[in-house]
Amino acid sequence: MALEDAAKQMDMAFTREDLKGPSYELTFGGATSFLRRKYTKDLTGVDIAVTGVPFDQAVTNRPGTRLGPRAIREASALQAPDAPYGWDFDVLSEFAIADYGDLAFDYGHVSQFPAALTAHIKTILDAGAASVVLGGDHYISFPILKAYAEKYGPISLLQFDAHTDTWQDDDMDRIDHGTMFYKAVKSGIVDPSTSVQVGIRTTNEDTMGVNIIDAREVHKKGPQATVAKIKQILGDRPCYLTFDIDALDPAFAPGTGTPVWGGLTSAQASIMLRDLAGINIMGGDVVEVSPPFDTTGATAVAGAHVATEILSLLGHRMRTA
């Protein structure tokens, strides 16, 4: 496909026949799957499945992250249809990437949600694909990690966030966006010694043994030194990357449930995500985009770019495996 195809092609999320290559469409029209990938429930031959989890049971103060997946998909349509900038390969052309749609769950039976999400991700992994998840409040990472740990064993966590989300909570059935990584470590699905949280800037005395690179350290030492430290901690262990959009300063992402000043800039985040190429990433998510609190759409734009970088990190790992 070429640029002139935009004059005669539309709704490629439904009409395209393959799972690879760019999609030249009018940015202001057409079906807004993630990066114009084909919508399909058929995972045959899929390398990476993008899926949405429109859930926000537990965001502090500002609900609305259930609308995050839709906003991120819409924002992704604004990105250039060419290869993601700065990479030495085109993940969209080299790998079969599908938009697997959203998780279906009964909002009236919240207690059933975690198992439904774990099963949803397990279906993707059992098909031989990796998942990139658009959230949703940050709790969703816990059920996702259960599916990944079932396949890979205790996994390393790379978390970009303003909060550690390791506040003590020994009720494993509670659905809470601030305690799920406490539970993930305590239940043995995350290895804290080879996990790292980046951008932290809220007080929590018990980090469950997870390594912390707070926002101040990132600002003082810079993105490249931060990436070097992250890679040293992760080593070559299988890892899962979760990016809470409130890792960014509210100046760059005001539409989140829990904004905290002094955060990462979008430039710092873009450098770090790009330079993380080479980590043994198995999957990832971007969470807590809350469109009602950002009429500019900047937060959703940031979320779409983060998800694109996660796609490229996965592609880099797959092509060098």
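- With Leu241 as reference, Leu273 is the one residue of Leu314, Asp285, Leu273 to meet the side chain to side chain contact (heavy atoms under 4.5 Å, CB included) rule.
- With hydrogens and angles left out, the side-chain atoms of Ser270 and His305 include no donor and acceptor closer than 3.5 Å.
- Classification of Arg73 and Asp99 as a salt-bridged pair holds, one side-chain N sitting under 4.0 Å from a carboxylate O.
- Taking both residues in full, the closest heavy atoms of Thr226 and Met272 are given as CG2-SD, 3.6 Å, listed atom of the first, atom of the second, then distance.
- If you chain together ILVMFWY residues whose side-chain heavy atoms come under 4.5 Å of each other, Ile271 ends up in a group of its own.
- A 4.5 Å side-chain heavy-atom check between Met282 and Tyr152 finds at least one atom pair inside the cut-off.
- Residues satisfying the ring pair (Phe, Tyr, Trp, His ring centres under 6.0 Å) test with Phe34, not counting sequence neighbours, are none.
- In summary, the side chains of Tyr182 and Asp176 do not present any donor paired with an acceptor at a separation below 3.5 Å, with no hydrogens or angles considered.
- Scanning for side chain to side chain contact (heavy atoms under 4.5 Å, CB included) contacts around Leu43 gives Val46, Ala49, Tyr100, Thr123, Ile124, Ala127, with sequence neighbours left out.
- In this structure, Phe142 has its ring center no closer than 6.0 Å to that of Phe181.
- Side-chain contact between Val198 and Gln159 is absent, with no heavy-atom pair separated by less than 4.5 Å.
- Looking at Gln197, His138, Arg201 one by one, the single match for side chain to side chain donor-acceptor pair (under 3.5 Å) with Asp161 turns out to be His138.
- Salt bridge Asp169/Arg174: present, at least one basic N to carboxylate O contact under 4.0 Å.
- Hydrophobic side-chain contacts under 4.5 Å tie Tyr39 into a cluster, directly or through other members, with Phe14.
- For the residue pair Ser93 and Pro22, the shortest heavy atom distance occurs at OG-CD, 4.0 Å.
- In this structure, Leu78 shares a hydrophobic cluster with Val301, the cluster being traced through Ile, Leu, Val, Met, Phe, Trp and Tyr side chains under 4.5 angstrom apart.
- Using a cutoff of 4.0 Å between basic side-chain nitrogens and carboxylate oxygens, Lys38 and Glu17 are not scored as salt-bridged.
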- Trace of the side chain to side chain contact (heavy atoms under 4.5 Å, CB included) decision for Thr164 with Val210: CA-CA 9 Å; Thr164 63; Val210 176; over 6 Å; no
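- With hydrogens and angles left out, the side-chain atoms of His219 and Gln268 include a donor and acceptor closer than 3.5 Å.
- With respect to Asp18 and Lys20, no salt bridge is recorded, no charged nitrogen being found less than 4.0 Å from a carboxylate O.
- By the criterion of side-chain heavy atoms lying less than 4.5 angstrom apart, applied directly or through intervening Ile, Leu, Val, Met, Phe, Trp or Tyr residues, Val132 is not grouped with Ile155; the two fall into different hydrophobic clusters.
- Electrostatic pairing of Asp170 and Lys186 counts as a salt bridge here, judged by a charged N lying under 4.0 Å from a carboxylate O.
- Residues passing the ring pair (Phe, Tyr, Trp, His ring centres under 6.0 Å) test with Phe89 are Trp87, sequence neighbours excluded.
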